[in-house]
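Chain A is the first sequence line, chain B the second, and so forth, proteins listed ahead of strands; every chain is numbered from 1.
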Amino acid sequence: MLDLSHLTDSLNPQQREAVTAPAGNLLVLAGAGSGKTKVLTHRFAWLMEVEKISPQAILAVTFTNKAANEMRERLNKLLHLNPRSWWVGTFHGLAHRWLRTHWQEANLPQAFQIIDSDDQLRIIKKILKEILKLDDKVWIPNQIQGYISRAKDQGVRPPYMDSFDEYSRTMKMIYEHYQNYCDQNGLVDFGELLLRVYEVWHYYPNILTHYQKRFPHILVDEFQDTNNIQYAWLQQLIGETGCAFVVGDDDQSIYGWRGAKVGNVRRFQKDFKTVQLVRLEQNYRSSATILAAANALIEKNNSRMGKKLWTEGDSGEPLRLFNAMDEKEEARFIGERIQQWISQNKKHKDCAILYRSNAQSRILEETLIQMRLPYRIYGGLRFFERQEIKDALAYLRLLVNKDDDTSFERAIAVPPRGIGDVTMEKLREHARQNQTSLWQAADILSQEKKLFFQNLKSQLNQSLSLLDELEKPEQVSQELNPRAANLLRQFLDMILQLRKTTEKMPLHQLVSAVLLQTGLLKFYQEKKGEKEQMRAENLQELISAAKGFEIDSTEGLTPLIAFLSNAALESGERQSDPNQDAVQLMTLHSAKGLEFPVVFLCGLEEGLFPHVMSSQTVEDLEEERRLCYVGITRAMKHLYLSYAESRSMRGSTNFTRPSRFLEDIPKSLIEDIRLKTPSPIKSTAFAPSPHRWTNKPRFNDEEKPRQFYHSSERSEDNKHQQNQQIINKQAWVDPKASFKINQKVQHEKFGIGIVLANEGKGEAERVYVDFGKHGKKWLVLSYAKLQLA
DNA sequence: ATGATGATATTTTTT
DNA sequence: ATATCATCAT
């Protein structure tokens with residue numbers, strides 16, 4: 001008898017039911033913190049050890065690289081085998097792997113390149129401007145991008161697009177041009193990766209059958225996030241014979257706005273035979289109180305499959321609700337609570353501040369700086385999305401494919417080499433007329449010019465008729481001036497030269513050679529700004545990345561092509577350095593899948609959360625509520641909710657009402673925290689004592705339903721706070737006299753600077769300060785917290 | 001080719 | 001308020 005205790009001992013009954021289920025289709029509804037990844041990895045092991053399935057015959061699909069890596073790691077730990085060559089990956093990663101194998105059937109050049117959404121947008125803009133000559137104020141590139149991506153997610157090619165009115169006809173036409181452009185340049189966007197594989201399988205049933213046989217078992221993570229093409233793709237692969245083990249949580253579906261279909265979870269039960277359903281409802285993360293709040297909230301949604309989280313743990317502390325005067329006070333409150341946490345010898349990184357939109361992060365950031373709390377913000381640019389890195393990648397892509405126009409344009413522009421708009425316009429025109437790539441056009445035009453001048457000498461005495469011929473109007477318009485032609489030639493020769501010399505080099509040497517010989521690295525190094533120095537460092541980092549890059553089993557690819565594909569598919573980790581002890585700031589969306597001992601869920605205000613832009617339909621609101629549910633279920637022990645009564649955003653201050661989600665949480669689970677003594681006059685003041693805010697029992701809801709928000713006590717407070725604001729305004733009138741020209745000042749972000757000028761009066765008064773390496777800035781005194789230095 | 005000025009937008013984000 | 005982007009002037 002096989003000893004399976006290592007696979008099943010640590011599982012609860014439901015987890016065990018899922019893991020040990022007989023081969024067949026299975027849907028696991030895995031609540032937040034219920035051990036989803038554990039079930040997936042144990043199932044994998046179970047299939048191997050009990051069903052005797054080869055790991056090569058199991059396909060495990062995730063959405064993010066992070067999830068795929070985590071799965072690999074856990075499998076490695078569990079099985080002590082190296083899962084490197086296993087079929088564990090993201091939808092896009094796997095699609096890429098297949099397209100590299102079946103590039104011929106997919107009608108792609110062997111060296112096809114993957115473009116990211118940034119490249120995609122550039123191409124759309126280019127087409128609008130150069131080919132279709134459409135006004136990008138009317139035909140907004142971002143919207144077109146969404147339109148095309150959505151079409152691809154639906155598996156729709158241009159011929160099948162609607163064309164019943166002006167709008168849809170134009171969209172269809174743009175889509176067509178875009179696709180032609182990609183095809184001609186050997187480019188594949190993210191949506192295309194999936195669609196192509198779908199089509200290959202559709203048109204080559206023998207290939208599909210091959211993979212159906214090859215992968216009798218398919219595991220899918222985060223199933224609630226699948227869009228239509230992904231679903232169709234799984235459907236193909238599973239076919240009549242495959243077994244699907246899908247894990248998801250309809251309550252955590254928060255990507256509907258980018259095409260994810262929660263309905264796929266339910267649809268799965270209909271479309272596939274004999275789907276066994278297992279619910280994982282035991283939660284190992286949060287206190288019972290937090291779970292009660294989460295359950296109560298999500299119950300308000302109608303379209304659910306139903307699930308109720310529970311825990312064996314204790315009820316823990318109540319949720320804490322803080323009603324702040326404004327966003328500044330909210331931020332200060334959060335900061336102080338974190339300080340309290342730290343004073344108990346706990347870690348900064350235990351604390352996460354979650355918000356609906358990125359705009360909220362600024363004030364939090366400023367406050368944390370003031371309070372000297374280390375923090376880290378998730379989001380923002382990732383490594384391979386940085387401008388300088390994309391510049392470098394353009395050169396690398398050009399080495400792979402000279403006819404890649406997008407890369408050609410990018411590479412020729414940085415560093416500046418005297419080839420400007422005029423020359424480029426001529427190149428584009430020539431390329432358009434002759435249906436060639438920019439490279440070919442450049443080659444011909446620079447060559448022609450060279451020959452022209454060589455011949456000129458010998459031809460001086462020859463007949464005028466020959467010259468006349470050379471001066472045909474079309475040609476004249478495209479002729480480059482000698483200087484431009486020469487520079488262009490130099491550029492082409494440089495690329496050709498690089499191509500030759502780097503042919504046999506190892507990857508990192510190749511990258512290094514490109515950075516050096518194109519002058520890209522030098523260009524940034526020679527600039528003075530801090531930004532540019534950073535860019536130069538990033539370029540160096542690119543060399544290290546190339547050094548560390550190992551080609552996995554993507555057989556038959558040159559290291560360079562593999563590297564470039566990887567760069568597009570995995571644009572760099574946004575993960576924090578686990579050794580760095582910092583408060584974690586992120587949007588609710590990026591918090592999915594994470595957990596923290598202390599969570600601050602802030603900005604719980606109508607219009608902000610739920611956001612105005614997604615409050616129109618019931619579906620929108622339900623997704624917002626799920627987002628809130630995701631936020632609450634991130635918390636392990638302490639959950640703080642907060643909202644402000646007024647919030648300044650986009651330059652104006654608005655009064656706000658508390659979020660409707662607060663009403664969905666039973667009052668008995670919440671403890672109110674209010675202001676006891678007035679807040680300090682100046683926000684630059686030292687951190688107030690932690691005793692300023694005290695806990696106070698909340699009103700019974702029977703007694704005063706909703707009164708909490710508008711109680712007379714509140715308005716008293718408000719009056720008090722209004723006085724405060726007036727005092728606040730006076731506070732800066734006093735020191736302002738000292739902000740004279742040449743005065744040394746200190747800014748919390750930019751450091752020490754010198755006042756160069758000042759203007760305006762009252763609230764509008766501003767000073768012009770030279771912060772040295774941070775540059776010269778105009779600062780409004782009533783906003784910037786300037787101090788004398 | 002570079003900097004200044006003015007218009008514009010500003011939910012959420014992975015691949 | 002602010003950041004980004006396009007257009008324009010130098």
Subject >> B/dT13 OP1/OP2 closer than 4.0 Å to side-chain N/O of A/N358 >> reply: yes
Original post:
Over how many whole Å does the gap from A/L354 atom CG to B/dT11 atom C1' extend?
Top reply: 15 Å
Original post:
Atom CG of A/D135 and atom C1' of C/dA6: how far apart are they, to the nearest Å?
Top reply: 13 Å
Original post:
To the nearest angstrom, how far is A/F63 atom CZ from B/dT12 atom P?
Top reply: 21 Å
Original post:
How many angstroms lie between atom CD of A/Q533 and atom CD of A/Q525, to the nearest 0.5 angstrom?
Top reply: 7.5 Å
Original post:
In terms of heavy-atom contacts, does CG of A/D421 have more than 12 from other residues, nucleotides or ligands at under 6.0 Å?
Top reply: no
**OP:** Rounded to the nearest angstrom, tell me the gap between atom CD in A/E222 and atom C1' in B/dT13.
**Re:** 14 Å
Original post:
With sequence neighbours excluded, what pairs up with A/A232 under the side-chain contact (heavy atoms from CB on, under 4.5 Å) test?
Top reply: A/Y198
Subject >> Phosphate contact (C/dA1 OP1 or OP2) by A/S652 side-chain N/O below 4.0 Å >> reply: no
**OP:** Take atom C1' in C/dA3 and the same atom in B/dT14, then report the distance between them in whole Å.
**Re:** 24 Å
Original post:
A/Y629 ring centre to A/R625 NZ or CZ under 6.0 Å, with the angle to the axis within 45°?
Top reply: no
Original post:
Which of parallel (below 30°), tilted (30 to 60°) and perpendicular (above 60°) describes A/W201 and A/W233?
Top reply: parallel
Original post:
For A/D251, which residues count as a salt bridge (Lys or Arg N to Asp or Glu O under 4.0 Å) partner, sequence neighbours excluded?
Top reply: A/R304, A/K307
Subject >> Between B/dT14 (C1') and A/I114 (CD1): distance, integer Å >> reply: 14 Å
Subject >> Minimum-distance nucleotide (side-chain atoms of A/H589 versus B/dT2, B/dT11, B/dT12) >> reply: B/dT12
Original post:
Of all of residues 115-133 of chain A, which get a heavy atom below 4.0 angstrom from DNA chain B, listed by number?
Top reply: A/S117
Subject >> Contact list for DNA chain B against residues 618-634 of chain A - heavy-atom distance below 4.0 Å >> reply: none
Subject >> Nearest to side-chain heavy atoms of A/Y255, which nucleotide of C/dT2, B/dT13, B/dT11 >> reply: B/dT13
Subject >> Whole-angstrom distance between C/dT2 and B/dT13, as gauged at atom C1' >> reply: 22 Å
Subject >> Nearest-nucleotide comparison on DNA chain B, the residue closer to the 5′ end among A/L569 and A/D421 >> reply: A/D421
Original post:
With sequence neighbours excluded, what pairs up with A/D153 under the salt bridge (Lys or Arg N to Asp or Glu O under 4.0 Å) test?
Top reply: none
**OP:** Assign A/D189 to base, sugar-phosphate, or nothing according to its heavy-atom contacts below 4.0 angstrom with the strands shown.
**Re:** nothing
Original post:
Is the NZ or CZ atom of A/R157 both under 6.0 Å from the centre of the six-membered ring of A/Y175 and within 45° of that ring's axis?
Top reply: no
**OP:** Round to the nearest Å and state the distance from A/Q360 atom CD to B/dT12 atom P.
**Re:** 9 Å
Original post:
Which nucleotide, C/dA1, B/dT14, B/dT12, lies nearest any side-chain atom of A/T64?
Top reply: B/dT14
Original post:
What's the closest nucleotide to the A/R362 side chain, out of C/dA3, B/dT13, B/dT15?
Top reply: C/dA3
Original post:
Taking CG from A/D136 and P from C/dT4, how many angstroms apart are they, rounded to a whole number?
Top reply: 19 Å
**OP:** Answer yes or no: is there an ion pair linking A/E409 with A/R122, defined by an N-O contact shorter than 4.0 Å?
**Re:** no
Subject >> A/R150: partners by side-chain contact (heavy atoms from CB on, under 4.5 Å), with sequence neighbours left out >> reply: none
Original post:
Base, sugar-phosphate, or nothing: which does A/G418 touch, judged by heavy atoms less than 4.0 Å apart?
Top reply: sugar-phosphate
**OP:** Could you check A/F91 against A/I140 and say which one's nearest nucleotide on DNA chain B is further toward the 5' end?
**Re:** A/I140
Original post:
Picking from B/dT11, B/dT15, B/dT13, which would you name as closest to the side chain of A/T90?
Top reply: B/dT15
Subject >> Aromatic plane relationship, A/W87 with A/W98 - under 30° parallel, 30 to 60° tilted, over 60° perpendicular >> reply: parallel
Original post:
With a 4.0 Å cut-off on heavy atoms, is A/S614 in touch with a base, just the backbone sugar-phosphate, or nothing at all?
Top reply: base
**OP:** Kindly point out which of B/dT14, C/dA1, B/dT12 is positioned nearest to the side chain of A/R650?
**Re:** C/dA1
**OP:** Write down the distance separating the C1' atoms in C/dC5 and B/dT12, rounded off to the nearest Å.
**Re:** 23 Å
**OP:** Measure from CZ on A/F609 to P on B/dT11 and round the result to the nearest Å.
**Re:** 15 Å
